[in-house]
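Everything on this sheet refers to the single structure shown next.
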Amino acid sequence: MIHPTPRLRFAPSPTGPLHLGGARTAMYNWALARSLGGAFVLRIEDTDRARSTDESLQIILAGLAWLGIDWDEGPEFTAGGRSFGGGDFGPYFQMQRLDRYAALVEQLLASGHAYKCYCTPEELAELRAEQKAAKSSFIGYDGRHRDLTAEQRAEKEAQGIQPNIRFRMPDDEVVRVHDLIRGDVEVNTKQLDDWVMVRPGGVPLYNFACVVDDIDMKITHVVRGEEHFLNGVKQRLLFEALGHECPQYAHIPLILNPKGGKLSKRDPGVKSTLEYRDLGYPAAAVFNYIALLGWGFSADRDVFTRDEMVAAFQIGSVGKAGAKFDVDKLHWMCGEYIRTWSLDDFLTASRGHVEPLLADGAWDANAGFLRNALALFQERVQLLSELPDKLRWLFEDPALDAAAQKNLGKHADAPQWLAAYADLLEGMDLPPSFGGDRAAFDTAVRLPSPEDDAPAAAGALTPNQLGDATRALIAELGIKFGQFVHPVRAALTGTNKGPGFFDCVWLLGKDAAVRRLRAHGRA
RNA sequence: GUCCCGUUCGUCUAGCCUGGCCUAGGACCCUAGAUUUUCAUUCUAGUAACAGGGGUUCAAAUCCCCUACGGGAUACCA
């Protein structure tokens, strides 16, 4: 037999945002498809009319695109100049495939694999309650309408009851399923009831639509959450009833909250994927981190690229145990990725977070300044959303935090030092503060690299020259470097942490620096 | 209740299939130190695990059984 082209799918229902667990399921499907050289299909399971929304759909598509999980077939979508979707096996929305489901229902009804059931939701709830009360080992539909006569059905219809359609399961049969992750598992159909394929009115339910679509879309492998494990058994029997081979199944464990429990609304891992984007998590870092939740790249490497993952990915090596979501490691990973970026990439990514601090047009008007400023923070953030708080002191006089207050009050002479420093700076060719004309200073300077410490315009002061002058003053005052620097930094930046002292002064610029020193100083 | 799956450092995991190379490896976190004007980065070192109990075997983290605990399923949701 010829091996069919591998075809995998991710089939979300647009009833909410794409959380990280869903993204990981999509990713494993995607990675397996890519590693096998097959196709990755995105199918939208929108048969739950009450809860499906177009907004959720857009969020899901944008979330996948952001993570770089691109789909070959499915809804059309364009992001970042790339288009996704299309394909010859559509439609890819289940609500556009109702004719197809209807045709197969007729076939199954005719062959006896399916039958009409007239039970109402109330009746079924009552049945379940009775079973529970009687401590029955089986809880579920008891097959009471399995073999209704034509007369009985006519009677129900006459009462105006619209039937649902159920799949007839074997009563007592051991079904052996092979799972790519769990291995061979045996399930007795005694545990499974005759499940509903189609709602009254004709809209199909998950297990039925899913199988029809997997057949029509020629799906060869299904990777999904372990909550679908038993659905796999039901689906396998339906595939057989329809005369088709069942795809290979792989059921992956769920992501757990840090306590080891089920993920609930408030847990970090259930945030929408787009929230991570908006908070300045690098997409590649999020991708990398969630890949690690249940799968390992190698014994001694945690950081890897998409391509490396595809090359190394094997579905069988996904773990069977649920993984807890660890924000610390995610954040560490984000910092790792940000530090690998070029300064230009960092600037581009930072813009959306920093620009709100500035007046309209100020980002472009102060490109050189911002480049120098941001360069100092690339290795000091894990998320881009940390940037505004870390940069605010450059644009407005800061309130002193507790540590800064302490530093400022540590030595009785500190106010004199501040005043002396203000005098010194006032007489120097220091750059003007943000918003001023800094062209002579800011051109192409990247502060952390001494070799770049060369302003374009002759005569403009560099951070290193500022440092020489400052050290001379400190010597004159007869104090230690540390004694001087801590209170001054506090007065200037409002905090005791941050980039190198001279870089801070140089970047802050003359007018703001002098103003703040005078505010806290005394001659 | 019943059925299915799982359980290696606090966390993610390597090792388990094909017992011996495991005095159990890596990473995050934490701690200490080095570097630095602070913070961050970087580097070095350290703490820390085979859920418990039986068995099989010359030998078990690795194979078998039981217990405990955790997760999943048991919908006219997906």
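Just the heavy atoms: all of them, side chains too, but no hydrogens, waters or symmetry mates, feed the values below. Below, read A as the first sequence line, B as the second, and so on, with proteins coming before strands; counting in each chain starts at 1.
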Look for any protein N or O under 3.5 Å of an N or O in nucleotides 48-52 of chain B and output each such pair with its distance, or none.
none

Inset, instruction - Give every residue pair that meets the ring-ring contact (aromatic ring centres under 6.0 Å, His included) criterion with at least one member in residues 170-198 of chain A, sequence neighbours excluded. - result: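 For residues 170-198 of chain A, and leaving out neighbouring residues, the ring-ring contact (aromatic ring centres under 6.0 Å, His included) pairs sorted by first residue read A/Phe167-A/Trp195.
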
Legend entry - Nucleic acid contacts of residues 224-231 of chain A, taken as heavy-atom distances under 4.0 Å to RNA chain B: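 A/Glu226, A/Glu227, A/His228, A/Phe229, A/Leu230, A/Asn231 - these, ordered by number, are the residues of the stretch whose heavy atoms sit under 4.0 Å from the strand.
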
Legend entry - RNA chain B contacts made by residues 170-184 of chain A, counting heavy atoms under 4.0 Å: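 Listed by number, they are A/Arg182.
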
Inset, instruction - Answer yes or no: does atom CD of A/Gln314 have more than 12 heavy-atom neighbours from other residues, nucleotides or ligands under 6.0 Å? - result: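 For A/Gln314, atom CD is not crowded (no more than 12 foreign heavy atoms under 6.0 Å).
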
Legend entry - Exceeds 12 heavy-atom contacts within 6.0 angstrom, atom CD of A/Glu227: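 Check passes, neighbour count above 12.
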
Legend entry - A/Thr15 side chain near B/C77 phosphate (N/O to OP1/OP2, under 4.0 Å):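 Indeed not, no polar side-chain atom of A/Thr15 lies that close.
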
Per [X] side chain, nearest of listed nucleotides [options]:
| X | options | result |
| --- | --- | --- |
| A/Arg380 | B/C39, B/C29, B/U38 | B/C39 |
| A/Val185 | B/C4, B/C76, B/U38 | B/C4 |
| A/Trp332 | B/C29, B/U38, B/U42 | B/C29 |

Inset, instruction - Between A/His486 and A/Gln162, name the one whose nearest nucleotide on RNA chain B is closer to the 5' end. - result: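 Nearest nucleotide further toward 5': that of A/His486.
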
Inset, instruction - List for me each residue that meets side-chain contact (heavy atoms from CB on, under 4.5 Å) alongside A/Asp142, sequence neighbours excluded, and say none if there are none. - result: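 If we apply the side-chain contact (heavy atoms from CB on, under 4.5 Å) test to A/Asp142, skipping adjacent residues, the hits are A/Leu127, A/Arg144.
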
Inset, instruction - Report the C-alpha separation of A/His19 and A/Tyr276 in whole Å, then their side-chain angles, then the decisive distance to 0.1 Å, and conclude whether the ring pair (Phe, Tyr, Trp, His ring centres under 6.0 Å) test is met. - result: CA-CA 10 Å; A/His19 57 241; A/Tyr276 289 95; over 10 Å; no

Provide a list of protein-nucleic acid N or O atom pairs under 3.5 angstrom, restricted to nucleotides 12-14 of chain B.
from	atom 1	to	atom 2	distance (Å)
B/C12	OP1	A/Lys324	N	3.0
B/C12	O2'	A/Leu292	O	2.9
B/U13	OP1	A/Gly294	N	2.6

